[in-house]
Structures are given as structure tokens and as C-alpha cells.
Amino acid sequence: MDSTVNDFSAYRFGTRILDLSRPQVMGIVNVTPDSFSDGGTLYEARKLSVDQALERARQMVRDGATIIDIGGESTRPGAAVVSVQEELDRVLPVVERLNAELDVVISVDTSAPEVISGAAGLGAGLINDVRALGREGALEAAAATGLPVCVMHMQGSPATMQDAPHYDDVLDDVSYFLQQRIRACNDAGIASDRIILDPGFGFGKTVEHNLRLLNNMGQLHRFGMPLLVGTSRKSMIDHVLHRPVDQRLAGTLATVAIGVQQGGQIFRVHDVRETVDVVRMTEAILNEGRIDND
Ligand code: 7PJ
């Protein structure tokens, strides 16, 4: 297998192209009433406000986000199960509006084939699935869009994944899982140059598993694919710092700095402005200033 990082300088997300040879920041816009850190904030009188979702995304783009990730299903342990129709109703209007009004890659955080197809038809540029396209019909739906996909590792399912995570070796096990999913994607017609990998921080992992994965994440580059890092405000930070979810920014930024050092390409975060600063500063250090930051 290729042991080098490929040239990702013109990575295509549908109609938009990003330079993944530099780290990019993905802003999270949750259109759920119950996500763990920002759930419900885009709701007015229990009804999703597309205007507010647009405003949130617009500010993230001003702050330097080049991708906006829209999610309509909370995967936090114990979260309510949403029907496909509910997810479609939450996600599609926001995808359509953001695509019309913002020059940004729109990512859709979903496992449902119907949402994958619907969002792609309305201008989404990336399919981001925490279940690694494991649901029935998801691989085929994603393949048909022609878009890149992000496949993430998870042990177990959201309801039970934090009960007793166990690995022989977390790096080997995550790596093996991703390799299997790459093969499944390839077999379904998704070429390797359309696959982004994610170790799945917090998805069926103890704090030690998460820290070991982050500190060695660069090893996953042996697949020759971009890596996505999703650590924002997650409980691994609480386990180290003992901070509630609204006080995990500094902890998150430390994970981003190490993620940049490990060669991560996409950073999925709630706090875009601060993350962009840390990404640029870390890049400047790693390159000893030989990089244009305008
Ligand atoms: C992730 C995600 C992640 C990718 C969520 C949360 C839970 N997608 N969706 N990676 N996490 N690719 O934001 O805490 O880590 S939802």
C-alpha cells in the first residue's frame, strides 16, 4: 500500500474544489433538537429555523470554514431515534439554502440512503457517515452521487458504544476496520480518490483509546487518503480536564494542534474562528514560517 500522502491539492467535492494539502476547517451545524453540545440552538418554538442555520453557517464561513457539516441525527448515547422522514425534513431545506447562499462545501452527516441521495441532489459536496456506509443501501446511494465519502470507525452502535469499549490494539483494529470499509466502497464503485478516513474519536473508545489514536493518527496515512479529525468538545477532553461541554475549547484546540502535526486534513469543529487560528499557527511552526498565511 502507498506509504506517502498523496497530492490532495485539488480535491473535488462535487462542484467545489478544496486544497487539502493544507488543513481545512469544517464547521458543525446540528439541525437536531438534542445534540450534546449545541442541540436545539437552531430551534424556535420547537421548529427548526433555516434562517438561523444559515446565519450560523455564514458566520463560520466568515471565520474561515471551507466545509459546513449538516447533521440531522444525534448520535450521542441515549439520543432519540429519528425517522428517515424526520431527518429528511431537518436536513434537506438547510442543504438547499446553504448551497444557494454560501460558497462552501456542504457535507451531510447521515447514514440514511434517502438523505444521501436527497442531499446530493440539492448540492451537497460530501457524504459523511459515522456508520461508514454500513446501513443497507448506503454504499450504493453514496456511489451513485459521485461525491467523496468520509468513512468513520465506530465500535458498536451509538446506544451502547461507551459501555465497555475493548481493543486488542486500537490502532490496528481501527486500521483493519477502515481497510475493510475501503474495500467495500471500492467494490460498490467508490474509487479510493473519493474516500476520506476518520478514526472516530469518542465512538466506542475510552479516553486512553482516543489519546493513543490521536497521538499516532498519522499512521493512517498509509492508506493514502485524507484524514478527518472530529474531537470538538468531546468527552475525552472532560476525562482529562474535568470540564463541562461549554468549557472544552482549550482542550479541543490542543487536539487540533496535535491533529495538524499528525497530518490531518479536515478538522470538524464547533468553534471555527479559534480553530482556524490554531491551525494556521501550528502550520507556521511546522513549516518554520515558510508558508503564506493570507
Ligand atoms: C463525528 C462525526 C466525527 C465524523 C459526529 C459529535 C458527535 N462525523 N459526527 N467524525 N462526530 N466524520 O460531534 O460529538 O468524529 S457527531
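Only a predicted model underlies this, so the values are computations on that prediction, with no experimental measurement involved. Whatever order the structure lists them in is the order used to number ligands and atoms, beginning at 1.
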Engineer: Considering the heavy atoms of Asn128, write down every atom of ligand 1 situated less than 4.0 Å from one of them.
Structural biologist: 4 (C), 8 (N), 12 (N)
Engineer: Which residue from Met154, Lys234, Met152 reaches closest to atom 15 (O) of ligand 1 through any of its heavy atoms?
Structural biologist: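 The option holding the nearest heavy atom is Lys234.
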Engineer: Among Met26, His270, Arg268, which one puts a heavy atom closest to atom 2 (C) of ligand 1?
Structural biologist: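 Result: the heavy atom closest to atom 2 (C) of ligand 1 is in Arg268.
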Engineer: Which atom pairs, one a donor and one an acceptor, fall under 3.5 Å between side chains of residues 119-128 and the rest of the protein, sequence neighbours left out?
Structural biologist:
unit_1, atom_1, unit_2, atom_2, d
Asn128, ND2, Asp69, OD1, 3.4
Asn128, ND2, Asp69, OD2, 3.2

Engineer: Tell me the contacting part of Leu228 for ligand 1: side chain, backbone, both, or neither, using a 4.0 Å heavy-atom threshold, strictly below.
Structural biologist: side chain
Engineer: Pair up each side-chain donor or acceptor in residues 140-151 with any protein partner under 3.5 Å, not counting sequence neighbours, and list the distances.
Structural biologist:
unit_1, atom_1, unit_2, atom_2, d
Thr145, OG1, Ala142, O, 2.6
Thr145, OG1, Leu147, N, 3.0

Engineer: Can you confirm, on distance only, whether ligand 1 has an N/O atom lying under 3.5 Å from any N/O atom belonging to Asp69?
Structural biologist: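 Between Asp69 and ligand 1 (N or O atoms, distance only) the closest approach is not under 3.5 Å.
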Engineer: Does any N or O atom in Gly230 lie less than 3.5 angstrom from one in ligand 1, N or O only?
Structural biologist: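 Between Gly230 and ligand 1, an N or O pair is found under 3.5 Å apart.
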Engineer: Can a side-chain donor-acceptor contact be found between His239 and Glu208 if the only test is distance below 3.5 angstrom?
Structural biologist: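 The answer is no; no qualifying pair exists.
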Engineer: Side chain or backbone, does Thr75 bring an N or O within less than 3.5 Å of an N or O on ligand 1?
Structural biologist: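 No - when backbone and side-chain N and O of Thr75 are compared with those of ligand 1, no distance drops under 3.5 Å.
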Engineer: Quiz question: by atom type and distance under 3.5 Å, do the side chains of Ser175 and Gln219 form a donor-acceptor pair?
Structural biologist: no
Engineer: Heavy-atom distances under 4.0 Å are what count here, so tell me which part of Val130 touches ligand 1: side chain, backbone, both or neither.
Structural biologist: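 The part of Val130 near ligand 1 is the side chain, not the backbone.
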Engineer: Looking only at the side chains, is there a donor atom on one of Asn30 and Arg56 sitting less than 3.5 Å from an acceptor on the other?
Structural biologist: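 No, no side-chain donor-acceptor contact under 3.5 Å.
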Engineer: Evaluate Glu87 against Arg90 for salt bridge (Lys or Arg N to Asp or Glu O under 4.0 Å), listing each step before the verdict.
Structural biologist: CA-CA 5 Å; Glu87 200 185 334; Arg90 289 176 182 175; over 6 Å; no
